[in-house]
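Taking it in order: structure first as structure tokens, then the write-up.
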Amino acid sequence: MLSKSQYIRGLQCHKSLWLLKHRPELRAKPDAEEQALFDTGNTVGDLACQLFPGGVEIKFDPQSFDDMIEQTRQLIADGVEVIYEAAFKQNGIFAMADILVKNGDVWDVYEVKSSTSVKGYHYNDAAVQWVALSEVLTLGRIHIVHLNNQYIRQGELDIQQLFTIDDITANVLTLVDGVPEYLAEMEAMLKADEPQILIGTHCDDPHSCDFKSHCWQDVPDVSVFNLYRMNAAKKFDLYHRGIVQYTDIPSTEPLSSVQRIQVETASSGQPLIQPQIVKDFVDDLTYPLHFFDFETFMEAIPRFDGQKPFMQMPFQYSLHILHENGELIHKEYLGDEFSDPRPDLVVQMIQDLGEQGSIIAFNQSFEISRIKELARDFKDYKPGLLELIPRFKDLIVPFRNLGYYHPDFNGSFSIKSLLPAMFPNDPELDYKQLDIQNGGMAMDAFANLSRLKDPDHRDTIRQALLDYCRLDTLAMVRIYQSLHKI
DNA sequence: CCCATGCTGTTTAATCTGAA
DNA sequence: TTCAGATTAAACAGCATGGG
């Protein structure tokens, strides 16, 4: 008996399903931070239930699915017309329907997703749901309930506005006929030996597989999979033709300029330096240099007025100001976790950034987008905010343009790739020393800060946030200084 | 999970060429 | 002058990458 989620997993890759059943110990430990970051499903599901009030909820209990199924059966028999988390074991599959609503003689199904649109894989999900339920109930329509990221909170949450309901019945009905066949295929596969399925795009699409580290253990750290901006299908084509290492690549293979440099520097072990490209970047900067970086949080359900679902909310920045005489000054802002951090941030940011000198960000489109949003939402400061935008310079540019390429970048121009390659063994610039090591962790830490009861604990985390963000801009300063020396 | 950007590959439109 | 066929340019879509 498969569950719906197992079936969906099996659609993506049979081997993954087989491993889950027979070799669960090979599953990667769920990455704690990754796990927490977008674990909003429960909250979203509970809120969506309010769209159909007055129903009865089946309590989820992984130990006793049979009880849940029996409760569901009983509720239906009793004439209850709205059921949350209704459980079914039917047609060879165990499935739970987020919301079931009696509509005359038929039942309508609502699947709640915390995404902001209907995704391709939602159809398969719903098709299994349909197959599991249709034996027991006469079904009417099936819908995806998802978030509406255009909804702007003002005062109390408006549940109707927060969600969008899409009827996907027509799409689902084209898929249901195929479900029993796939199901039988999977049941048979699970009884047989481990399926021999090669690595492929299914390892990450539509979801990243928990067994990837197992299936990918023979792929070296430096391989064709690190070739910059190469289409994934093309990478797998190379790999399956036995072209794994750069030295395997035939000279006839067309490569982009970056890819060619990757291959060449990997074999020489020497970085590539094109001084003119670096000089063009450095000469374009105006002192004092403002190295600037935002941290933002993002949540499915907006907490504050003016906030939309998944909106990037700036709550912190770090700013290193480097003067022409070498003087380096650090400024920072970290908002209060109990209220909208943006209003105070805007005021201090405009003051700290002054009126003169380049503003340097890494991948500036992120910072510029946030500033444009702040200008839109805080009209009083709109001119001051918009004036900042033309001062921006992007520190990633000289690298992407191959002014400096180190083989240890391994095909990535992210700041977290550049830093250890350019400053190995420099404890001052080592993110691994920090409690918060990347933007995702920062985002999660702040979003959850207000829920922590212990003020000392909150202070510890606030200090970790300050340390992290400070290092981001200090890293930019050091990178700039090393470019300047070229 | 979201979004902006910029690269890549493909499709469509525009332009050029050479032979009738 | 005309037009098929070839070549080049522009437009578009999809994907990869970066940030959080």
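Throughout, a chain's letter reflects where its sequence line sits, starting with A, and its residues are numbered from 1.
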* Determine the contact category for A/Ala442: base if any of its heavy atoms lies under 4.0 Å from a base atom, sugar-phosphate if only primed atoms, P, OP1 or OP2 are that close, otherwise nothing. => nothing

* Asked: With sugar-phosphate meaning primed atoms plus P, OP1 and OP2, does A/Phe362 contact a base, only sugar-phosphate, or nothing at under 4.0 Å between heavy atoms?
  -> sugar-phosphate

* Asked: How close or far is atom C1' of C/dG20 from atom CD1 of A/Ile368, stated in whole angstroms?
  -> 15 Å

* Under 4.0 angstrom, heavy atoms only, what part of the nucleic acid is A/Gln312 near: base, sugar-phosphate, or nothing? -> base

* To do: Rounded to the nearest angstrom, tell me the gap between atom CZ in A/Phe392 and atom P in B/dT5.
  => 13 Å

* Starting at the 5' end of DNA chain B, which residue's closest nucleotide do you reach first, A/Ser256 or A/Lys372? -> A/Lys372

* Is the distance between the ring centroids of A/Phe225 and A/Tyr239 under 6.0 Å? -> yes

* Asked: Rounded to whole angstroms, how far apart are CZ on A/Arg229 and P on B/dG9?
  -> 11 Å

* Rounded to whole angstroms, how far apart are NZ on A/Lys234 and P on B/dT10? -> 9 Å

* **Between C1' of C/dG19 and CE of A/Met443, the distance in whole Å** => 9 Å

* To do: Look at the rings of A/Phe413 and A/Tyr405 and say which category their plane angle falls in: under 30° parallel, 30 to 60° tilted, over 60° perpendicular.
  => perpendicular

* Asked: If you look at every strand shown and take non-hydrogen atoms under 4.0 Å, does A/Asp472 touch a base, only sugar-phosphate, or nothing?
  -> sugar-phosphate

* Once the angle between the rings of A/Phe291 and A/Tyr480 is folded into 0 to 90°, is it parallel (under 30°), tilted (30 to 60°) or perpendicular (over 60°)? -> tilted

* **Which atom of A/Gly155 lies closest to which atom of A/Asp305, heavy atoms considered** => N-OD1, 2.8 Å

* Please state whether the rings of A/Tyr333 and A/Tyr317 are parallel, tilted or perpendicular, taking 30° and 60° as the class boundaries. => parallel

* Does A/Tyr228 make a side-chain N or O approach to OP1 or OP2 of C/dG18 shorter than 4.0 Å? -> no

* **For atom NZ of A/Lys308 and atom C1' of C/dG20, their distance in whole Å** => 17 Å

* Closest-nucleotide ordering on DNA chain B, the 5'-leading residue of A/Asn149 and A/Asn231 -> A/Asn149

* Asked: Rounding to a whole Å, what distance do you find between A/Asp205:CG and C/dA16:C1'?
  -> 13 Å

* Asked: Would you find more than 12 non-hydrogen atoms of other residues, nucleotides or ligands less than 6.0 Å from A/Lys279 atom NZ?
  -> no

* Asked: Checking all strands, does A/Tyr121 fall into the base, sugar-phosphate, or nothing category for heavy-atom contacts under 4.0 angstrom?
  -> sugar-phosphate

* **Terminal axes of the helix from B/dC1-C/dG20 to B/dA20-C/dT1 (five pairs each): angle between them, nearest 10 degrees** => 20°

* Indicate the ring-plane relationship of A/Phe292 and A/Phe294, choosing parallel, tilted or perpendicular according to the 30° and 60° boundaries. => perpendicular

* Specify the separation, in whole Å, of atom CZ of A/Phe366 and atom P of B/dA4. => 11 Å

* **Under 4.0 angstrom between A/Ser365 side-chain N/O and B/dT5 OP1 or OP2** => no

